[in-house]
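Because only heavy atoms are used, hydrogens play no part in the values below, and waters and symmetry mates are left out as well, while side chains stay in. Nothing fancy with the numbering, it's 1 onward along the sequence.
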Amino acid sequence: MRKRNLTFIIGVLLIVFHSQIFAQETEMEKKISELFFGLNLNQKPSEIVKESDFEFEYGWTSVIADFKDYSYTTEFKKHPTIKSEIKEGTFSIGFGSHDEKYGIFGLSLVIRFSNEYDQIDEYEKLKTEFEKYSSKTIIETTQNEDYEVKSEVVVYQKEKNSEIPKISFYFDQSDKNDFPIVITFSTSWKMDELKKLIEQQNGN
């Protein structure tokens, strides 16, 4: 009887544990979507562009034969979660022809502020907001000769053994007249297929 009760308790705990993980993943997706203007990021870049109210400019480049890099780019002045005044904003979606098999693509926001106080305030808010969703965190900084931090990038990976999906935040103060934050998100519209590939590579 005790053994049966123990099995039941373990089963309940596992259900609760997986429910919490699912809730956290859903919340993370929602927060990232809000960063990128509430768009559904689980679809192809072309579908994201169609869903958006922005007017994107389409372009492509080719450095290596038979491989092309495509991009959609637009500008903005207001953002749904960044409350400080934005001097200038650029929203880009990029993907390569060689990444289409597993649906890998990236989104980026380059947001410029009028002063360093708004820049750092918004940067710290973003770090705090998203660190709870990270399974692996990477932080890199650069300093001047006075050991003052002039730039920093923090990368949050959802999975320890996979670089996708991941989100990063970067600020730079190397130019006294320019105060940007760069937000990048790497993901896939074929996440299930990508997960299978990663599991195979990891020997699972």
Side-chain angles (χ1 to χ4, degrees), residues 26-61 68-96 99 103-134 137-142 148-156 158 164-189:
T26 304
E27 184 182 352
M28 180 185 181
E29 283 188 8
K30 181 182 176 183
K31 292 292 184 183
I32 292 175
S33 173
E34 287 174 357
L35 270 183
F36 291 94
F37 302 95
L39 296 169
N40 175 9
L41 307 182
N42 297 317
Q43 54 186 339
K44 292 182 178 181
S46 59
E47 296 300 318
I48 296 173
V49 169
K50 287 179 184 178
E51 179 189 331
S52 169
D53 293 329
F54 289 111
E55 292 185 8
F56 282 90
E57 182 178 331
Y58 175 75
W60 62 271
T61 58
K68 292 183 179 180
D69 290 317
Y70 303 93
S71 66
Y72 296 96
T73 306
T74 190
E75 296 180 351
F76 61 92
K77 284 283 189 178
K78 293 184 179 180
H79 189 274
T81 62
I82 302 293
K83 302 306 178 185
S84 299
E85 183 179 351
I86 295 172
K87 184 178 178 181
E88 182 182 300
T90 305
F91 176 18
S92 301
I93 305 171
F95 62 99
D99 292 324
I104 298 170
F105 68 104
L107 305 98
S108 69
L109 300 175
V110 180
I111 305 173
R112 288 185 158 81
F113 301 92
S114 300
N115 59 75
E116 63 184 288
Y117 305 105
D118 288 343
Q119 178 196 38
I120 296 301
D121 181 53
E122 295 294 348
Y123 177 76
E124 291 297 335
K125 285 178 184 176
L126 290 166
K127 280 178 62 178
T128 302
E129 180 71 36
F130 284 90
E131 64 181 348
K132 60 188 173 186
Y133 305 118
S134 178
T137 301
I138 302 168
I139 300 176
E140 295 182 3
T141 61
T142 59
E148 296 173 325
V149 175
K150 303 308 291 183
S151 71
E152 180 178 283
V153 59
V154 57
V155 181
Y156 296 135
K158 184 179 174 183
I164 297 175
K166 69 178 177 183
I167 190 164
S168 69
F169 305 103
Y170 167 77
F171 83 85
D172 187 349
Q173 293 183 347
S174 57
D175 185 337
K176 293 181 179 180
N177 298 310
D178 191 25
F179 306 99
I181 287 178
V182 181
I183 302 168
T184 59
F185 179 52
S186 301
T187 186
S188 169
W189 74 80

Output the distance between atom [atom1] ([X]) and atom [atom2] ([Y]), rounded to the nearest 0.5 Å.
X      : Y      : atom1 : atom2 : answer
Lys158 : Lys166 : NZ    : NZ    : 15.0 Å
Ile167 : Lys31  : CD1   : NZ    : 12.0 Å
Phe185 : Leu107 : CZ    : CG    : 7.5 Å
Ile82  : Ile111 : CD1   : CD1   : 4.5 Å
Glu88  : Asp178 : CD    : CG    : 8.0 Å
Phe179 : Asn115 : CZ    : CG    : 7.0 Å

Heavy-atom side-chain proximity of [X] to [Y] below 4.5 angstrom:
X      : Y      : value
Val154 : Glu131 : no
Ile93  : Phe56  : yes
Phe36  : Ile32  : yes
Trp189 : Pro45  : yes
Ile183 : Phe130 : no

Of Thr90, Thr73, Thr184, the residue whose pairing with Ser108 passes side-chain contact (heavy atoms from CB on, under 4.5 Å):
Thr184

Checking [X] side chain against [Y] main chain: does a donor-acceptor pair fall under 3.5 Å?
X      : Y      : value
Lys150 : Asp172 : no
Ser33  : Leu39  : yes
Tyr156 : Lys127 : yes
Thr74  : Glu55  : yes
Lys176 : Gln173 : no
Gln119 : Pro180 : yes
Thr128 : Glu124 : yes

How close do His79 and Leu35 get, counting heavy atoms only, and between which atoms?
NE2-O, 2.6 Å

Does any donor atom in the side chain of Glu122 or Ser84 lie under 3.5 Å from an acceptor atom in the other side chain?
yes

Between Gln43 and Glu51, is any side-chain donor less than 3.5 angstrom from a side-chain acceptor?
yes

Hey, is [atom1] on [X] packed in by over 12 heavy atoms from elsewhere, all under 6.0 Å?
X      : atom1 : answer
Glu85  : CD    : no
Asp175 : CG    : yes
Lys125 : NZ    : yes
Phe76  : CZ    : yes

Give a yes or no on whether a salt bridge exists between Glu27 and Lys30, defined as a side-chain N under 4.0 angstrom from a carboxylate O.
no

Can you list the steps and then say if Phe54 with Glu75 is a side chain to side chain contact (heavy atoms under 4.5 Å, CB included)?
CA-CA 8 Å; Phe54 289 111; Glu75 296 180 351; over 6 Å; no

Partner of Phe95 by ring-ring contact (aromatic ring centres under 6.0 Å, His included), out of Tyr70, Phe105, Tyr58:
Tyr70

Derivation of the side chain to side chain contact (heavy atoms under 4.5 Å, CB included) call for Thr81 and Glu129
CA-CA 11 Å; Thr81 62; Glu129 180 71 36; over 6 Å; no

